[in-house]
Amino acid sequence: MKRSLLPALLLVVLIPSVAFASGEDPSVPLLLYLVLILLTAKLMGHFGVLLGQPAVLGELFAGILLGNLALAGIQGFEGIASDPYIDILARIGVIVLLFSVGLESTIRDILNVGLSSLIVALLGVGAPLVLGWLVGDWLLPEHSVYAHAFLGATLCATSVGITARVLQDLGKSREKEARIILGAAVIDDVLGLIVLATVSGIILAAEQGGTLDYWSQAGIAVKAGGFLGISLLLGSFLTPKIFSRAAKLRGPGVLMGVSLAFCFLLAYLSGIAGLAPIVGAFAAGLLLEPVHFREFGERETHYLEEGLKPLTEFLVPVFFVQMGAKVDLRVFASTEALWLALALTVAAVIGKQLCSLGVVERGINRWAVGIGMIPRGEVGLIFASIGAGLELAGERIIDTTTYSAVVIMVIVTTLITPPLLKRILVPRPAMEEPGEG
C-alpha cells in the first residue's frame with residue numbers, strides 16, 4: 001500500500017504544474033506549496049539537529065533549496081518566495097513567533113536585570129548598529145543612507161534562544177555569565193525592536209514626504225519607544241481584568257483564543273501607529289504571565305507556550321522557508337555579495353564582542369558573554385525580511401544581493417556560537433602531573 005503511494009507522491013512533487021492546472025481554486029497551489037514547505041522544513045531541520053545545529057537553520061536551508069531548484073532545471077517552485085497566500089501565512093507566522101518570544105520573558109525580567117546586563121545590552125545594540133552602518137556605507141556607496149541604517153539595525157538583533165539551549169546542554173545555565181547574557185538579551189530584544197521600528201518609520205515617512213530633519217527622526221524614535229512603553233504600562237493593568245472576565249466563558253480553547261486575539265490586537269495597533277506589527281506582538285507576549293491564567297482552573301491544563309506549539313510548528317516554518325526561498329544563489333557568483341557577507345559577519349561578531357566590555361562584576365568570563373550574544377538566528381531573519389519589503393522611490397531598501405549576504409551572516413553567526421561557547425566555558429581536562437594517581 002505504501003509503495004503504491006510513492007510514485008504518486010513523486011509525481012506531485014516533481015510536476016507541480018499538473019496540480020496547478022487542476023482547477024481555479026487558489027487554495028490548490030497553496031496546498032501543494034504547504035506540503036513541500038512543511039515536509040522539506042522538517043526533513044532539513046532533522047538533519048540540522050543531527051549535526052548539532054538548531055532546526056531553524058535546516059528550515060532556512062530548505063527554503064534556499066526550494067527557491068533555487070530552477071537552477072537545476074526544475075520549474076514550478078518559484079511561487080514559494082512570491083505567492084501572496086504564502087506571504088500572508090509567513091507574516092502571521094512571524095507575529096506568532098514574536099508573541100511566543102515575548103512569552104519567555106516578563107516585564108519584571110526587564111526591571112530586575114543587573115547593571116552589567118543593562119550595559120551589555122546597550123553596547124550590544126549600539127556597536128553593531130554603527131558597524132553595520134559603516135559596512136553599508138563602505139561597500140554599498142550607491143545605496144541610500146536608509147539602506148545603510150537598515151543594515152545596522154539588522155546587526156543589532158540577537159537570537160539568545162540558541163545560546164540558552166547551549167548553556168542548558170553544558171549545565172551552565174545557572175552561572176553568572178548565563179544570567180548576564182539572558183538578562184541582556186531581554187533588553188536587547190526591546191531596544192532592537194525600537195531601532196527596527198524607528199528605521200522602518202523613517203523610511204516610510206521619507207517615502208511619503210521626502211527628507212526628514214533630525215527632530216522628525218527623533219520623534220519617530222520616541223513614538224516607537226512610547227508605543228511599547230504605553231502598551232506595557234496600560235496592558236499590565238488591563239490584562240488581569242481581561243483574562244479574569246475571559247475565565248467565565250465556557251467552551252474549549254478560551255485561553256488560547258483570547259490570548260491570540262490579544263496578540264493580534266496589539267500587533268494591529270502597532271501597525272496603525274506606523275510601527276512593525278511584531279512590536280505589538282512582542283509586547284503582548286511580555287504582558288501575559290501564568291498568574292493571569294489561574295482562574296481558568298482545570299479547563300486549561302497547559303501553559304500558553306505549550307498550547308501555542310501546534311500553531312508555531314505550522315506557521316513559523318512557513319516563514320523561515322519563505323525567507324530562504326528569497327535567497328538567490330546566483331548572486332554569490334559576484335565578489336560584491338561575498339565581500340558584503342564577509343564584512344557583515346565580521347562586523348556582527350566584533351559588535352557583540354564589544355558589548356562584553358559592559359560587564360562590571362569581577363571574575364566574569366567576558367569572552368563567554370560576548371560570544372553568547374553573537375547568534376542572530378531567527379531575529380536577524382525577521383529584521384532582514386522587513387527591510388526586503390520596504391521601498392523608497394521604487395527601489396527596495398534591501399535588494400537581492402544585500403538580502404542574500406545578510407542570510408549568510410545569520411547562518412555563520414548561528415553556526416559558530418555553540419562550538420565557541422563550549423570551548424570557552426568547558427575547560428579541557430588538565431594533564432596529570434608525574435607521580436600523581
Side-chain angles (χ1 to χ4, degrees), residues 101 116-140 143 145-163 180-200 202-203 221 224-225 276 278-279 282 339-359 366-388 397-398 402-417 420-421:
V101 170
S116 287
S117 292
L118 176 61
I119 300 175
V120 167
L122 292 172
L123 292 176
V125 170
L129 175 63
V130 173
L131 290 176
W133 194 316
L134 292 176
V135 167
D137 185 58
W138 172 39
L139 294 179
L140 301 173
H143 288 59
V145 67
Y146 302 108
H148 305 157
F150 213 98
L151 274 180
T154 300
L155 294 194
C156 288
T158 298
S159 177
V160 78
I162 296 166
T163 300
I180 291 174
I181 292 171
L182 297 177
V186 175
I187 304 177
D188 195 287
D189 283 340
V190 175
L191 295 178
L193 286 173
I194 292 175
V195 170
L196 173 67
T198 301
V199 175
S200 300
I202 290 172
I203 292 170
I278 60 172
V279 177
F282 181 76
W339 277 114
L340 181 59
L342 176 62
L344 286 176
T345 302
V346 172
V349 173
I350 293 177
K352 292 301 183 181
Q353 287 304 301
L354 291 175
C355 78
S356 64
L357 299 176
V359 178
R366 288 183 170 83
W367 284 106
V369 173
I371 291 171
M373 299 291 286
I374 285 176
R376 271 36 177 208
E378 69 281 359
V379 185
L381 291 176
I382 291 169
F383 281 31
S385 69
I386 292 175
I397 295 298
I398 301 293
T402 307
Y403 177 81
S404 299
V406 168
V407 170
I408 294 298
M409 177 274 295
V410 169
I411 293 173
V412 173
T413 56
T414 304
L415 284 174
I416 66 175
T417 298
L420 286 178
L421 203 56

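The residues of the chain are indexed from 1 along the displayed sequence.
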With sequence neighbours excluded, what pairs up with [X] under the side chain to side chain donor-acceptor pair (under 3.5 Å) test?
X    : result
S356 : none
H148 : none
S116 : E361

With sequence neighbours excluded, tell me which residues meet side-chain contact (heavy atoms from CB on, under 4.5 Å) with [X].
X    : result
A127 : L354
V346 : L342, I350
A348 : L155, R376, M409, T413

Can you tell me how far apart [atom1] ([X]) and [atom2] ([Y]) are? Round to the nearest 0.5 Å.
X    : Y    : atom1 : atom2 : answer
T198 : L191 : OG1   : CG    : 10.5 Å
T154 : I398 : OG1   : CD1   : 5.5 Å
L118 : L122 : CG    : CG    : 4.5 Å
L134 : L139 : CG    : CG    : 11.0 Å

How close do [X] and [Y] get, heavy atom to heavy atom, and via which atoms?
X    : Y    : result
A343 : V135 : CB-CG1, 3.8 Å
A388 : Y403 : CB-CD1, 4.2 Å
A121 : A184 : CB-O, 3.5 Å
V195 : C156 : CG1-SG, 4.4 Å
G132 : L151 : O-CB, 3.9 Å
L131 : A347 : CD1-O, 3.7 Å

Could you tell me whether the side chain of [Y] reaches within less than 4.5 Å of the side chain of [X], counting heavy atoms only?
X    : Y    : result
F150 : T402 : no
L340 : V406 : no
L421 : I374 : no

Here the side-chain hydrogen bond (donor to acceptor under 3.5 Å, both in side chains) pairs for residues 339-355, sequence neighbours left out, are T158-K352, D188-K352
Polar side-chain atom of T414 near backbone of V410 as donor-acceptor pair, under 3.5 Å: yes
Criterion side chain to side chain contact (heavy atoms under 4.5 Å, CB included) against V199, the qualifying member of I203, I202, L196: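 Looking at I203, I202, L196, the match for V199 under the side chain to side chain contact (heavy atoms under 4.5 Å, CB included) is I203.
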Output every pair passing salt bridge (Lys or Arg N to Asp or Glu O under 4.0 Å) with a member in residues 121-133, not counting sequence neighbours, ordered by first then second residue. none
Which pairs with one or both residues in residues 123-133 pass salt bridge (Lys or Arg N to Asp or Glu O under 4.0 Å), sequence neighbours excluded? none
Test side chain to side chain contact (heavy atoms under 4.5 Å, CB included) applied to I119 and V359, step by step: CA-CA 7 Å; I119 300 175; V359 178; over 6 Å; no
